[in-house]
2 protein chains.
Amino acid sequence: MFVRITTDCKNRNTTLDDFGMTSGSDAIISLNEIFYKKGIEIYGEKEPSEYVYQVKIGAVRSYKLLSDGRRQIGAFHLAGDIFGLANGSAHRFTAEAIVDTTLRLIKREALDRVAETDPVVTRTLLGMTTLNLKHAEDHMLLLGRKDSVERVATFLVEMDERIRTSQVMALPMTRRDIADYLGLTLETVSRALSRLRRGGLLDFVGNTQRQITILDRKRLREVDCQRH
Amino acid sequence: MFVRITTDCKNRNTTLDDFGMTSGSDAIISLNEIFYKKGIEIYGEKEPSEYVYQVKIGAVRSYKLLSDGRRQIGAFHLAGDIFGLANGSAHRFTAEAIVDTTLRLIKREALDRVAETDPVVTRTLLGMTTLNLKHAEDHMLLLGRKDSVERVATFLVEMDERIRTSQVMALPMTRRDIADYLGLTLETVSRALSRLRRGGLLDFVGNTQRQITILDRKRLREVDCQRH
DNA sequence: CGGGGGCTTGAGGCCACTCAACGATAGTGG
DNA sequence: CCACTATCGTTGAGTGGCCTCAAGCCCCCG
């Protein structure tokens, strides 16, 4: 459980706008940055939710565990994403840094205080929660009804929209992480990727298998056979 | 597509409290009741969300479809439940009456108007959306990582808490509905129920298979091996 | 250069799906 | 009242997709 405060943490006072929130009032809230090494837990399921987080650099996984260790990742949080917004006293997921990660954080208590007097903030919270809900609803369809190739195709389309830079997307997570996100095993994910590659829909770049170029977006979206 | 306005619809004006919402202001909003015959669609996915609904009598299923007809039910709505709260312009599910159902409904537009001036209503909306999100998150774990018997056990525990009356719960939905909720086939649901019955955890009551008594709640919760 | 983590691929097994048969019940119409 | 039909549920037999187990490669790093 190694946590280090970054040296570039100036503990400056900023407005909520810096945190991606619009606010009618000019509330000043103190923002800190914390650095988490790859693999380190940010918070645990059932822990009191003291902070809300935004990814500055890096990537985070949010997951639940069954008593025998089976893991379901509910979401990946990438640069710019806000997470840990429990809207209740306790976190519903465990969050871990996938790679070395720098987070901004805001005290939940302070956020609540602002939200009480500023309806715009409450509405922003509602909007973010609705986005999370929409993602979870789509993911239920994937987990309940899609086969392995469809799941991986859906995953690639989602990641393509979120982290593509110049034709190549560099995935921060391992095959195991992808598998636990998609309700599969890492071997099945690997086989599905190989099938898509053999089908000419994508290709690996470089000598690591984490960088992927999508060669045929149209066909990939067709494999992910979601309605519209 | 048969919709009939119930004769006992008085079109009376009521406060939001009647709809299960607390409000600081004494907003008056017109409430209607509509009757839906078993199997009738209430709204479709992607349709503009004109109303929010509360189940007065009956039961409703909310689902998504893949292009080839595979169905994933995201939630069942039972007496008292509020649903159709899209927090956006379009519905994200199709909703259908499972049995003959009477709904109360409220114009979304009116709700938005009240929420604009009344922060308490916005906060209530946030609370309801958060509850929906929590349910979806738990359901992702079920769909991604639980086996068939665990899924059915989880389902029974959930329903037991929601519709138990005097030791017996009367399920309104078919085995197919349960299967599409749990990401299984109807045969697998049937087999899992038989296994739980043979194991002495539950029993069927009457000559229909829709009425179930849970004989051993403790062991049923153990089968649903979720962490705490 | 040895060791470990990450990834791929193959072989075999198992759980859930598919297909099918059958019984029970409810609704319909002659 | 009794076919007749449709819907719903259970159970069995066989299949298949994903999981399990294992081997081997590559890369990074001490």
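These values consider heavy atoms only, across backbone and side chains, with no hydrogens, waters or symmetry-generated copies. Remember, it's a predicted structure, so these values are computed and weren't measured experimentally.
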* Heavy atoms under 4.0 Å is the rule here; annotate nucleotides 13-28 of chain C 5' to 3' with B where the base is hit, S where only the sugar-phosphate is, and - elsewhere. => ---SSBB-----S---
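- Dashed line: the shortest gap from a side-chain N or O of A/Ser194 to OP1 or OP2 of C/dT9 is under 4.0 Å.
- The distance from atom CZ of A/Arg151 to atom C1' of D/dC19 is 13 Å, rounded to the nearest whole Å.
- Remark: the backbone N or O of A/Leu105 is not paired with any side-chain donor or acceptor of A/Glu33 at under 3.5 angstrom.
- Between the B/Asn87 side chain and the A/Thr130 main chain, no donor and acceptor come within less than 3.5 Å of each other.
- Only A/Thr174, A/Arg175, listed by number, bring a heavy atom of residues 163-175 of chain A to less than 4.0 angstrom from any atom of DNA chain C.
- The nearest pair of heavy atoms linking A/Ile163 to A/Pro172 is CD1-CD, 4.3 Å.
- Under a 3.5 Å cut-off, the side chain of B/Ser190 and the backbone N or O of B/Leu186 do not form any donor-acceptor pair.
- For the pair B/Leu186 CG and D/dT7 P, the computed distance is 14 Å after rounding to whole Å.
- No hydrogens or angles considered: nothing links the side chains of B/Thr94 and B/Lys64 as a donor-acceptor pair under 3.5 Å.
- Looking only at distances, a side-chain donor or acceptor of A/Arg70 sits under 3.5 Å from a matching main-chain atom of B/Arg145.
- Atom C1' of nucleotide D/dT7 and atom CD of B/Gln209 are separated by 13 Å, given to the nearest angstrom.
- Look at CZ on B/Arg176: it is 12 Å from C1' on D/dT7, rounded to the nearest Å.
- The distance from atom NZ of B/Lys38 to atom P of D/dA6 is 15 Å, rounded to the nearest whole Å.
- Under the 4.5 Å side-chain criterion, counting only non-hydrogen atoms from C-beta, A/Gln54 is not in contact with A/Asp81.
- Rounded to an integer number of Å, the gap from CZ of A/Phe204 to P of D/dC26 is 15 Å.
- Taking the six-membered ring for Trp and thresholds of 30 and 60 degrees, B/Tyr181 and B/Phe155 have ring planes more than 60 degrees apart, a perpendicular arrangement.
- A donor-acceptor contact closer than 3.5 angstrom links the side chains of A/Tyr63 and A/Glu96.
- Residue A/Asp180 contributes atom CG, which lies 11 Å from atom P of D/dC19 at whole-angstrom precision.
- Atom CD of A/Gln211 is separated from atom P of C/dC7 by 13 Å (rounded to the nearest Å).
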